[in-house]
Amino acid sequence: MRVDRTLRVVLAEDSVLLRDGLIGLLTRCGHEVVAAVGDAEALVAAVEEHTPDVVVTDVRMPPGFQDEGLHAAVRLREKRPTLPVLVLSQYVQRAYAAELLDSGDGTGVGYLLKDRVGQVEEFVDALSEVADGGTVVDPEVVRQLLRRRRDPLERLSPREREVLALIAEGRSNGAIARELVVSEAAVGKHIGSILTKLDLPPATETHRRVLAVLAYLRA
């Protein structure tokens, strides 16, 4: 376990139990938690106030519990390209994960999955590695990011591609049903499958249809 120097850490984790546990762990390892917060807005404010050596943040935080922590980390790296950031989460949020790993000059950044950190030493070593400018990424995160780089439409069936092409033309569900000589219920099922396979973020159905069309046009 590497504890070469005392690090000043800003910690963002909405779970009080986990946050307190991480504070205790980092303190025992000789580091100083200068701020421990529970939401993304407080994370940004804490970094501005304390100028830490490294940030540790979760992904899903209040108020929406979607990608607030990771989005905040990306914003922080835009302002401070050399700010070391270690994401510790249960989830891989692929869009912002890729953006985070591409931020700055690509150094001083890490993304670990909570349920795959096998030992305390592994986490503490990763923290030191990131603080020293290294890059530490969980293999599962790499796998999912590589999958994201592929043609997003390759997972769709031929019929689903037909439906998506008609959506891109601005057709309603009823118009698509008439074009393909199927029921509107069948069209609805195809659209649901398309949205799921394209791994689109939670949003209104109308917004997700727009995102699906954008994926189709980029492919």
Side-chain angles (χ1 to χ4, degrees), residues 1-93 96-142:
M1 179 170 62
R2 293 175 48 194
V3 187
D4 302 329
R5 60 189 174 99
T6 297
L7 297 173
R8 300 175 67 257
V9 182
V10 164
L11 171 65
E13 168 59 59
D14 67 285
S15 167
V16 175
L17 288 176
L18 183 53
R19 186 165 69 235
D20 287 349
L22 286 170
I23 292 170
L25 169 62
L26 292 168
T27 301
R28 288 195 302 274
C29 290
H31 301 308
E32 179 186 2
V33 180
V34 295
V37 301
D39 63 76
E41 186 175 339
L43 167 59
V44 173
V47 170
E48 292 294 329
E49 179 180 355
H50 296 285
T51 315
D53 297 315
V54 61
V55 169
V56 178
T57 184
D58 193 4
V59 169
R60 298 186 177 182
M61 304 179 71
F65 293 96
Q66 293 184 25
D67 55 23
E68 291 83 357
L70 186 51
H71 188 200
V74 171
R75 285 163 47 207
L76 288 168
R77 291 270 292 186
E78 288 173 351
K79 291 183 179 179
R80 304 167 183 258
T82 60
L83 174 68
V85 173
L86 175 60
V87 172
L88 183 64
S89 179
Q90 290 177 295
Y91 311 97
V92 181
Q93 214 296 343
Y96 282 121
E99 192 170 344
L100 177 67
L101 295 172
D102 288 339
S103 64
D105 59 1
T107 64
V109 65
Y111 199 129
L112 297 179
L113 298 181
K114 291 176 181 177
D115 60 357
R116 290 170 58 88
V117 178
Q119 299 178 354
V120 168
E121 291 83 357
E122 183 180 351
F123 167 67
V124 175
D125 286 349
L127 182 69
S128 295
E129 181 74 20
V130 169
D132 289 341
T135 301
V136 180
V137 184
D138 189 289
E140 175 63 15
V141 176
V142 173

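For the single chain, residues carry numbers from 1 onward in sequence order.
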Side chains of Leu86 and Val109: does their closest heavy-atom pair fall under 4.5 Å?
no
Under the salt bridge (charged side-chain N to carboxylate O under 4.0 Å, His left out) test, residues paired with Asp58 that sit two or more places apart
Lys114
Pair Val136, Leu112 - check side chain to side chain contact (heavy atoms under 4.5 Å, CB included), show working.
CA-CA 8 Å; Val136 180; Leu112 297 179; 3.8 Å; yes
Note: Gly69 and Leu43 closest approach over all heavy atoms is O-CD2, 4.3 Å
Under 4.5 Å between any side-chain heavy atoms of Leu25 and Phe123, yes or no?
yes
Would you say Val130 and Tyr111 make side-chain contact, with heavy atoms under 4.5 Å?
no
So which heavy atom on Pro62 is nearest to which on Asp14, and how close?
CD-CB, 3.7 Å
Between Arg60 and Phe65, which heavy-atom pair has the shortest distance, and what is it?
CD-O, 3.5 Å
Report yes if the side chains of Val55 and Val9 come closer than 4.5 Å at any heavy-atom pair, otherwise no.
no
Side chains of residues 71-83: which donor-acceptor pairs under 3.5 Å do they make with residues two or more places apart or in other chains?
from	atom 1	to	atom 2	distance (Å)
Arg77	NE	Ser103	OG	2.9
Arg77	NH1	Pro81	O	3.3
Arg77	NH1	Leu83	O	2.9
Arg77	NH1	Thr107	O	3.0
Arg77	NH1	Gly108	O	3.3
Arg77	NH2	Ser103	O	3.0
Arg77	NH2	Ser103	OG	3.4
Arg77	NH2	Thr107	O	2.9
Arg80	NH2	Glu48	OE1	3.4

Provide the closest heavy-atom pair for Met61 versus Ala12 in the form atom of the first, atom of the second, distance.
CE-CB, 3.8 Å
Keeping His31 on the side-chain end and Leu7 on the backbone end, is there a donor-acceptor pair under 3.5 Å?
yes
What residues form a salt bridge (charged side-chain N to carboxylate O under 4.0 Å, His left out) with Asp39, not counting sequence neighbours?
none
Could you give me the CA-CA distance, side-chain angles and deciding distance for Leu113 and Val92, then say whether side chain to side chain contact (heavy atoms under 4.5 Å, CB included) is met?
CA-CA 8 Å; Leu113 298 181; Val92 181; 3.8 Å; yes
Which atom of Ala46 lies closest to which atom of Ala35, heavy atoms considered:
CB-CB, 3.8 Å
Checking the side chain of Asp138 only, and the main-chain atoms of Glu140 only, is there a donor and an acceptor separated by less than 3.5 Å?
yes
Residues which pass side-chain contact (heavy atoms from CB on, under 4.5 Å) with Ser15, listed by chain and number, not counting sequence neighbours:
Glu13, Leu17, Leu18
Residues passing the side-chain contact (heavy atoms from CB on, under 4.5 Å) test with Arg8, sequence neighbours excluded, are Glu32, Val34, His50, Asp53
Give me each pair satisfying side-chain hydrogen bond (donor to acceptor under 3.5 Å, both in side chains) with a member in residues 16-27, each pair once, sequence neighbours excluded.
none
